[in-house]
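One-based numbering along the sequence shown. Keep in mind that what you see is a predicted model, and the values were worked out from it rather than measured.
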Amino acid sequence: MTRIVTVTPNPALDLTLEVERLGVGEVNTAAASRVESGGKGTNVARMLARLGSEAAAVVALPRDGGASWSAGYPSDITLIAVEVGGALRTNVAITAASGETTKVNMRGGPLTAADGAALLDAVVLAARDASWVVLGGSLPSGMPTSWVAELVTGVR
């Protein structure tokens with residue numbers, strides 16, 4: 001079986017609120033809500049598992065809020081959590097009965113150079129027996145875009 005490793009340097013708690021209609025500048029009451037562990041790379045791992053692939057998710061989880069994120073993550077996916085500084089971000093989606101959705105996404109981080117190095121080390125180790133590595137989502141503040149090149153070089 002093909003093993004695929006996903007990388008999520010900027011995870012989030014995804015909060016979805018369902019309203020009858022969204023009134024900007026008004027008080028809106030949510031009829032329902034749900035919270036999921038999110039981030040593009042982790043969403044890819046979730047879908048891969050649903051399709052029957054073996055997936056592992058390497059995630060930069062902040063000390064502040066990381067436990068709440070991992071508590072909601074599916075147990076059928078290998079989770080490799082790298083503890084980093086910063087705070088966990090929350091993304092909010094407000095969905096109206098019409099199907100129209102408004103999103104507000106927070107920035108993540110900041111991550112230090114040491115946090116980036118620890119995440120890179122975990123990915124390189126996880127990728128040793130993987131067929132593919134998928135980097136998904138945005139980079140948190142403080143993480144230079146050159147980190148992506150380091151990742152590609154490290155997992156070749």
Side-chain angles (χ1 to χ4, degrees), residues 4-19 21-49 55-74 77-96 98-127 130 132-155:
I4 301 170
V5 173
T6 66
V7 183
T8 307
N10 201 16
L13 281 177
D14 289 337
L15 170 62
T16 302
L17 303 172
E18 296 176 13
V19 298
R21 69 170 194 78
L22 178 61
V24 176
E26 299 176 20
V27 174
N28 296 272
T29 301
S33 67
R34 71 177 179 279
V35 176
E36 291 182 299
S37 304
K40 297 293 189 284
T42 56
N43 293 340
V44 169
R46 193 179 274 119
M47 186 53 68
L48 288 167
V58 180
V59 183
L61 285 181
R63 290 174 198 87
D64 178 15
S68 62
W69 186 95
S70 58
Y73 202 67
I77 300 169
T78 301
L79 176 61
I80 303 164
V82 178
E83 190 173 276
V84 297
L88 185 64
R89 67 193 182 112
T90 300
N91 294 335
V92 179
I94 304 170
T95 301
S98 66
E100 208 171 37
T101 298
T102 300
K103 288 197 75 178
V104 179
N105 290 346
M106 294 177 64
R107 290 191 172 104
L111 294 190
T112 65
D115 291 335
L119 183 60
L120 183 61
D121 290 345
V123 173
V124 170
L125 185 62
W132 294 90
V133 175
V134 177
L135 172 62
S138 61
L139 295 177
S141 62
M143 182 176 269
T145 56
S146 61
W147 185 87
V148 177
E150 292 177 52
L151 175 72
V152 170
T153 302
V155 298

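- Here the CG-OG1 distance, from L15 to T90, works out to 7.5 Å after rounding to the nearest 0.5 Å.
- Using a 4.5 Å cut-off on side-chain heavy atoms (C-beta onward), T8 and V58 make no contact.
- In this structure, D115 and P110 approach most closely via the heavy-atom pair OD2-O, 4.4 Å.
- When all heavy atoms of G72 and S37 are compared, the closest pair comes out as C-OG, 3.4 Å.
- Looking at L22 and N28, their side chains come closer than 4.5 Å, going by heavy atoms from C-beta outward.
- The residues R46 and E36 are annotated as not salt-bridged, no charged nitrogen and carboxylate oxygen being separated by less than 4.0 angstrom.
- Annotation: side-chain hydrogen bond (donor to acceptor under 3.5 Å, both in side chains) contacts involving residues 133-152, sequence neighbours excluded, comprise N10-S138.
- A distance of 12.5 Å separates NZ of K40 from CG of L135, quoted to the nearest 0.5 Å.
- Nearest heavy-atom pair, W69 versus L13, reported as atom, atom and distance to 0.1 Å: CA-CD2, 3.9 Å.
- Summarising the geometry, atom CG belonging to L17 is positioned 8.5 Å from atom OG1 belonging to T95; distances are rounded to the nearest 0.5 Å.
- Counting all heavy atoms, side chain and backbone alike, I77 lies closest to A49 at CG1-CB, 3.7 Å.
- With a 4.5 Å cut-off on side-chain heavy atoms, T42 and V59 count as touching.
- In this structure the side chain of V155 reaches within 4.5 angstrom of the side chain of V123, judged on heavy atoms.
- Counted within 6.0 Å of CZ on R107, heavy atoms from surrounding residues, nucleotides or ligands total 12 or fewer; the atom is thus considered open.
- A 4.5 Å side-chain heavy-atom check between V84 and L119 finds every atom pair outside the cut-off.
- Taking every heavy atom of both residues into account, G86 and P62 meet most closely at O-CB, 3.5 Å.
- Once rounded to the nearest 0.5 Å, the distance linking CD1 of I80 with OG1 of T6 reads 9.0 Å.
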* Report the C-alpha distance between L88 and D64 in whole Å, list the side-chain angles of each, state the deciding distance to 0.1 Å, and finish with yes or no for side-chain contact (heavy atoms from CB on, under 4.5 Å). => CA-CA 6 Å; L88 185 64; D64 178 15; over 6 Å; no

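- Using a 4.5 Å heavy-atom threshold, the side chains of I94 and V92 count as touching.
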* **CA sep, side-chain torsions, deciding dist, call: T29, V19, side-chain contact (heavy atoms from CB on, under 4.5 Å)** => CA-CA 6 Å; T29 301; V19 298; over 6 Å; no

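- Considering V44, V134, V133 in turn, V134 is the only one that fulfils the side chain to side chain contact (heavy atoms under 4.5 Å, CB included) rule with I4.
- Side chains of L139 and V148 form a contact here, defined as non-hydrogen atoms less than 4.5 Å apart.
- Looking at V104 and N91, their side chains never come closer than 4.5 Å, going by heavy atoms from C-beta outward.
- Closest of all the heavy-atom pairs between L111 and P9 is CD1-O, 4.1 Å.
- Note that CZ of R21 is 11.5 Å distant from CD of E100, once rounded to the nearest 0.5 Å.
- Taking the side chain to side chain donor-acceptor pair (under 3.5 Å) definition, one finds that T16 meets it with nothing, sequence neighbours left out.
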